[in-house]
Amino acid sequence: CESVTGDTCSITCPSGYFVSTGTCDLANGVGLNESRPFGSSNGQPQGSGPFPAKTFDSWACKPASGSARDVNGAYAFCCAE
């Protein structure tokens with residue numbers, strides 16, 4: 001996992017790119033609580049949209065176990081602005 005904040009693993013697109021979609025790879029048998037875009041470097045709130053498509057620069061994975069260590073990988077498809 002590139003970045004761990006509490007119980008969430010995230011990956012951030014390179015500067016000048018926005019996240020189009022993403023996914024999470026979890027440890028065997030671990031459920032997924034959230035898999036969503038968010039704005040790590042631009043401070044955008046989460047879940048209170050709608051937001052323009054190019055708003056978010058990261059993808060977040062939150063496992064149901066509550067431990068980011070259960071995320072084997074977070075993946076983001078990044079597009080140039």
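Computed from heavy atoms alone, side chains included, the values below leave out hydrogens, waters and symmetry copies. Since we're looking at a predicted model, the values are computed, not measured.
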Problem - Note, P14 side chain near C78 side chain (heavy atom, < 4.5 Å) - result: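 Yes, side chains in contact.
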Exercise for the section: Could you tell me whether the side chain of F77 reaches within less than 4.5 Å of the side chain of T21, counting heavy atoms only? Expected result: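 The answer is yes; the side chains approach within 4.5 Å.
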Practice task
Please test W59 against C13 for side-chain contact (heavy atoms from CB on, under 4.5 Å), starting from the C-alpha separation and ending with a verdict.
Solution key: CA-CA 8 Å; W59 195 265; C13 295; over 6 Å; no
Practice task
In a single word, yes or no, tell whether C61 and C9 have an SG-SG distance below 2.5 angstrom.
Solution key: no
Handout entry: Exercise: do S65 and D70 side chains pair donor with acceptor under 3.5 Å
Key =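 On atom types as modelled, these side chains qualify, holding a pair under 3.5 Å.
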Locate the shortest heavy-atom distance separating [X] from [Y]; write the atom from each residue and the value.
X   : Y   : value
S35 : G22 : OG-O, 4.5 Å
K54 : E81 : NZ-C, 4.1 Å
Y17 : A80 : CD2-N, 3.3 Å

Practice task
Take C24 and L32 through the test side-chain contact (heavy atoms from CB on, under 4.5 Å) and record every step on the way to the result.
Solution key: CA-CA 8 Å; C24 307; L32 184 62; 4.2 Å; yes
Practice task
Look at the side-chain heavy atoms of Ile, Leu, Val, Met, Phe, Trp and Tyr, link any pair under 4.5 Å apart, and say whether I11 and V19 land in one connected group.
Solution key: yes
Problem - Exceeds 12 heavy-atom contacts within 6.0 angstrom, atom OH of Y75 - result: yes
Practice task
With rounding to the nearest 0.5 Å, note down the distance linking CG in D7 to NZ in K62.
Solution key: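 Nearest 0.5 Å value for the CG-NZ distance: 4.5 Å.
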Completion exercise
Applied to residues 22-31, the side chain to side chain donor-acceptor pair (under 3.5 Å) test, sequence neighbours excluded, yields none
